[in-house]
Number of protein chains: 2
Amino acid sequence: MSGPANAGGKEDLDPRIVRSRQVILEATIDELAEVGYGAMTIESVAKRAGVGKATIYRQWRGKADLVESVLVMIKQDIVVRVDGTVRERVTSLLQGLATYLSDSRASLCMPAMVSAAHHDDTVGVFQFRFANERRQVLVDLLTDGVSSGELDSDLDAELTAEILAGPLFYRRLMTDRPFPVDDVDQLVRAVLGPAT
Amino acid sequence: MSGPANAGGKEDLDPRIVRSRQVILEATIDELAEVGYGAMTIESVAKRAGVGKATIYRQWRGKADLVESVLVMIKQDIVVRVDGTVRERVTSLLQGLATYLSDSRASLCMPAMVSAAHHDDTVGVFQFRFANERRQVLVDLLTDGVSSGELDSDLDAELTAEILAGPLFYRRLMTDRPFPVDDVDQLVRAVLGPAT
DNA sequence: TTGCTACGATACGGTGTCGTTTCGAATCCG
DNA sequence: CGGATTCGAAACGACACCGTATCGTAGCAA
């Protein structure tokens, strides 16, 4: 640990690289949200970001590579409460998801990502893996609830996770009105039964 | 009713138009499924269909117009059983949807449609309207069940419809494994409670 | 200050798509 | 059969995007 530099990962890069990387990734998000994956071009991203095309090709190999970086960036870490009942923790988790799907600029490009995942292997592998990781958190939570006896012993954690998360994604992808955060309580009540 | 012609809608057109229209629409579906909306081009559709570009422009104004026709074509009519309990009819409806989302070639282009709906107004209006119509059928069915007393009186038909349909779409769009038709029974049981 | 490096801008040749037009061949209909 | 219509194919000029290369400039590090 001698000297100030070379401690972390990217912190000691030329600040110009850090800045351009940031504006390019944000421009990519907006471009994905507006025109989708297929219609997005490197040139349109460069123009929106106010950078030269070469600056993009200096850091990424192409479109799929760039979008992959976006996926990593917007993959918000899931916050799981460790206190409270399983029911409270599930509600909290879903509220976080609902908020994310309603508010975040990142979630505006989700329809584009869904489509891209089915058409482009590189993007698909990432998208499906991330979706699975997030889903697994909920499944584990429900499994704990069953083990501890808080939830019915015949509850299928995998299916229930999809029943809980499905409506949120359904509303986001198949309609133009995201699932309201305030309705999450009612959703949990309908699926897990009235609070004890 | 004099004479054989001019009775229906399109039946008395030149058969060459009917045929080319058919092969073009099917090629469009496959193209949407493979590359998505944004990356789909009129030329690629023409090539796949074995048709001249001009033949496409003769019948449609452009890409959005063509995809709109596809949406109308693949909008399968929803078959609702009129016999049996509400629970049986709901199950049957969802099984039909699950089958459609698993098997049909048309459903392969759903990710593309979802993305297109959010980026293109013309497509969006159609897609969202169709989704709403289908959803309403399920809502009405559940409302009937509440009225007749077969379902709990405090059941929210709108929310429950999304809880039932959500997982099917979630699996289709966010994963690469569609919801198994055989699991629909279990889904209905988990949401509406054990069969009486 | 002095190198060095990443920058934005611009231009390159090559390719693909646009929407239109023009063919002669094939098909339909009366 | 014969006139009308649609067809597939090909070519058009215009434009957009590809990925690369080359500028002079500006910010960085020492």
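Within every chain, numbering begins at 1; the chains are lettered A, B, ... in the order of the sequence lines, protein sequences first and strands thereafter. The structure presented is a predicted model; accordingly, all values stated were derived computationally and were not measured.
Comparing B/Glu43 and B/Pro15 along DNA chain C, the residue whose closest nucleotide (by nearest heavy atom) sits nearer the 5' end is B/Glu43.
The shortest non-hydrogen separation linking A/Leu138 to A/Ala161 is CD2-O, 3.7 Å.
Proximity note for A/Ile17 (side chain, C-beta onward) versus D/dC18, C/dC7, D/dG8: the nearest is C/dC7. Out of D/dT6, C/dG19, C/dA6, the shortest distance to the side chain of B/Arg58 is found at D/dT6. Candidate nucleotides D/dG19, D/dC7, C/dA6 were compared by shortest atom distance to the side chain of A/Ile42, and D/dG19 ranks first. Residue A/Lys53 places its side chain closer to D/dT20 than to any other of C/dA26, C/dC18, D/dT20.
Using a 4.0 Å heavy-atom cutoff across all strands shown, B/Ser20 reaches sugar-phosphate atoms only and no base atom. Base contact: B/Ala54 has a heavy atom under 4.0 Å from a base atom. Within the 4.0 angstrom heavy-atom criterion, only backbone atoms of the sugar-phosphate kind lie near A/Gly50; the bases stay farther away. Across all strands shown, A/Arg19 has heavy atoms under 4.0 Å from sugar-phosphate atoms exclusively, and none from any base.
Within the 6.0 Å centre-distance limit, the rings of A/Phe128 and A/His118 are counted as a close aromatic pair.
Side-chain contact of A/Thr41 with A/Ser44: a donor-acceptor pair under 3.5 Å is present, judged by distance alone. Side-chain contact check for B/Gln59 and B/Ser69: no donor-acceptor pair (N or O, by modelled atom type) lies under 3.5 Å. Donor-acceptor pairing under 3.5 Å is recorded for the side chains of B/Asp140 and B/Gln136. Between the side chains of B/Arg58 and B/Thr55, at least one donor-acceptor pair of N or O atoms lies under 3.5 Å.
Atoms OH (A/Tyr57) and C1' (C/dG8) sit 16 Å apart, rounded to a whole Å. If you take NZ of B/Lys63 and P of C/dC18, they are 7 Å apart, rounded to a whole angstrom. The distance from atom CH2 of A/Trp60 to atom C1' of D/dG19 is 16 Å, rounded to the nearest whole Å. In this structure, CZ of B/Arg61 is placed 17 Å from P of C/dC18, rounded to the nearest angstrom. Remark: C1' of C/dT5 and CD of A/Gln59 are 13 Å apart, rounded to the nearest angstrom. Rounded to an integer number of Å, the gap from A/Ile56 CD1 to C/dC7 P is 11 Å. At whole-Å resolution of the value, CZ in B/Arg16 and P in D/dT5 are 10 Å apart. For B/Leu66 and C/dG19, the CG to P distance is 12 Å, given to the nearest whole Å.
If you check residues 33-40 of chain A against DNA chain D, you find no residue with a heavy atom closer than 4.0 Å.
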Salt bridge (Lys or Arg N to Asp or Glu O under 4.0 Å) between A/Arg48 and A/Glu26, worked out: CA-CA 9 Å; A/Arg48 184 191 284 265; A/Glu26 286 183 0; over 6 Å; no

